Amino acid sequence: MRINEQPSASSAQPSEPASEPATAPAPEPARPVALITGVGRSIGIGAGIARQLAASGWDIAFTYWTPYDRRMEWGAEDGAAASIARELADAGARTAAIEADLTGPDAPIRIFDEAEQRLGPVTALVLSHAESVDSGLLDTTVEAFDRHFAVNTRASWLLIREYGLRFRGEPGSKPGEPGTGAGRIVALTSDHTVGNLPYGASKGALDRITLAAAHELAHLGVTANVVNPGPVDTGWMNDDLRDAITQGTPLGRLGTPQDTAHLVDFLCSPQGQWVNGQLLKSNGGAAP
């Protein structure tokens, strides 16, 4: 008997039960959005963090600035942003690659505007960008000093400020809960100063700004921490430096982007919500 067909009066057969209504699949839970700066090279720390967070269920907006890599000794990696975005998409993440010159004071507003328009509100802000050109006390130029502080310090402050002004999560909630999410700020720093004065000094100022955010943004349910990855070879070490650092590290190896990424992933997770206002060294015990 076909569904909805009525039996004849002489039929002794019972009518068939009505078919069960189709059940719609449950909607996928919303993925929180992480904004990661400094993701311009596939072997960099920023790219490692992006991969790890994507695998942990985050959507990823990331920034890069090709002209910086072009003037460094390692050179620019053609097509890196597109390639990284494809990797993140393969891990299930929606992505937004944003090229941005962080020397401009208006860059943070534009970055957040684009990230929100393409992916939605930002739950975690990870600062892994850097201007880093070796020079010491006697040979650092005013122009180089100002550029380091514009990128490493002022841009980081403006990004954190923009994040705080826009954050709408509920205090005590967990990243990934639909509609809300406890906020996370993680900034990467360095204790390198000798022979690298403007980089080290500007990173030291970044530390203070980030640790201030742990207190000033606490009412929003935001935690803020600083991570020092230690010596991670992402193409800038020569053989002599690589050997010297390896021998001086108790664990007998260099750091990897994955080492940093695992710690950042933990800090951005619900399990990391009690860690706040800390400067954490993830460096295998290497002496500064």
Side-chain angles (χ1 to χ4, degrees), residues 34-56 58-91 93 95-103 107 111 115 124-134 147-148 151-152 155-156 159 185-192 196 199-200 202-203 206 226-238 241-242 245 253-268 280-284 286:
L35 170 58
I36 308 170
T37 61
V39 187
R41 301 165 63 232
S42 60
I43 64 172
I45 294 176
I49 293 171
R51 294 185 188 101
Q52 182 62 49
L53 289 182
S56 294
W58 294 77
D59 289 334
I60 307 294
F62 66 88
T63 73
Y64 64 101
W65 182 236
T66 304
Y68 170 72
D69 291 315
R70 285 202 187 106
R71 61 183 170 85
M72 303 304 288
E73 60 186 26
W74 52 75
E77 181 183 346
D78 292 338
S83 175
I84 293 168
R86 285 194 296 270
E87 285 188 68
L88 304 180
D90 288 342
T95 65
I98 305 167
E99 185 158 25
D101 180 2
L102 291 176
T103 60
I111 290 167
L125 172 64
V126 181
L127 303 174
S128 63
H129 66 275
E131 170 76 18
S132 179
V133 180
D134 290 350
R147 186 172 62 248
H148 278 79
V151 174
N152 298 342
S156 298
L159 284 160
I185 298 171
V186 182
L188 302 192
T189 192
S190 172
D191 51 20
H192 195 199
N196 206 357
Y199 174 70
S202 58
K203 282 290 189 175
L206 163 64
V226 184
V227 171
N228 184 342
V232 178
D233 186 9
T234 56
W236 57 274
M237 294 184 187
N238 59 39
L241 181 59
R242 189 179 297 108
I245 294 175
R253 68 171 177 86
L254 298 172
T256 68
Q258 289 71 32
D259 293 323
T260 307
H262 289 312
L263 178 53
V264 173
D265 186 35
F266 170 74
L267 292 173
C268 290
L280 305 169
K281 291 188 175 183
S282 176
N283 61 6

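These numbers come from a predicted model, not from an experiment.
Ser128 approaches Leu188 most closely through the heavy-atom pair CB-CD1, 3.5 Å. The two residues Gly48 and Ala261 make their nearest non-hydrogen contact at O-CB, 3.4 Å. Gly40 and Tyr64 make their closest contact through CA-CB, 3.7 Å (heavy atoms, listed as atom of the first residue, atom of the second, distance). Of all heavy-atom pairs spanning Trp65 and Ala100, the tightest one is CB-O, 3.4 Å. Closest non-hydrogen pair, Ala93 versus Trp58, comes out as CB-O, 3.3 Å. Minimum interatomic distance between Ser42 and Ala47 (heavy atoms only, all atoms of both residues): O-CB, 3.7 Å.
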Is there a side-chain contact (heavy atoms from CB on, under 4.5 Å) between Ile111 and Leu102? Walk through the geometry before answering.
CA-CA 10 Å; Ile111 290 167; Leu102 291 176; 3.7 Å; yes
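Here Lys281 contributes atom NZ and Thr189 contributes atom OG1; the two are 10.0 Å apart, rounded to the nearest 0.5 Å. One distance of note links OG1 of Thr37 with CG of Leu125; it measures 7.0 Å at 0.5 Å rounding. Here Arg51 contributes atom CZ and Ile84 contributes atom CD1; the two are 6.0 Å apart, rounded to the nearest 0.5 Å. Rounding to the nearest 0.5 angstrom, the gap separating the CD1 atom in Ile60 from the CG atom in Leu35 is 9.5 Å. Distance check, rounded to the nearest 0.5 Å: CD1 of Ile45 to OG1 of Thr260 gives 4.5 Å. With rounding to the nearest 0.5 Å, the separation of CG in Asp90 from OG1 in Thr95 is 10.0 Å.
Within the 3.5 Å criterion, the main-chain N or O of Val151 finds a donor-acceptor partner in the side chain of His129. When atom types are taken as modelled, the side chain of Tyr68 and the backbone of Ser132 share a donor-acceptor pair closer than 3.5 angstrom. A distance-only check finds no donor-acceptor pair linking the side chain of Asp69 to the backbone of Thr66 [under 3.5 Å]. The backbone N or O of Glu131 sits less than 3.5 Å from a side-chain atom of Asn152, completing a donor-acceptor pair. Side-chain atoms of Ser83 never come within 3.5 Å of backbone atoms of Gly79 as a donor-acceptor pair (strictly under, hydrogens ignored). Put simply, the side chain of Thr63 gets close to the backbone of Gly38: a donor and an acceptor are under 3.5 Å apart.
At a threshold of 4.5 Å between non-hydrogen side-chain atoms, the residues Ile36 and Val264 do not count as touching. Gln52 places none of its side-chain heavy atoms less than 4.5 Å from the side chain of Gln258. Taking 4.5 Å as the limit, every side-chain heavy atom of Leu263 sits out of range of all side-chain heavy atoms of Val186. Contact check for His148 versus Val133: side-chain heavy atoms found under the 4.5 Å cut-off. With contacts defined as side-chain heavy-atom distances shorter than 4.5 Å, the pair Asp101/Pro67 does not qualify.
The salt bridge (charged side-chain N to carboxylate O under 4.0 Å, His left out) check on Glu99 picks up nothing, with sequence neighbours excluded. Every residue was checked against the salt bridge (charged side-chain N to carboxylate O under 4.0 Å, His left out) condition with Glu77, not counting sequence neighbours, and none meets it.
Checked options Leu280, Ile185, Val126; the residue passing with Leu267 is Leu280 (criterion: side chain to side chain contact (heavy atoms under 4.5 Å, CB included)).
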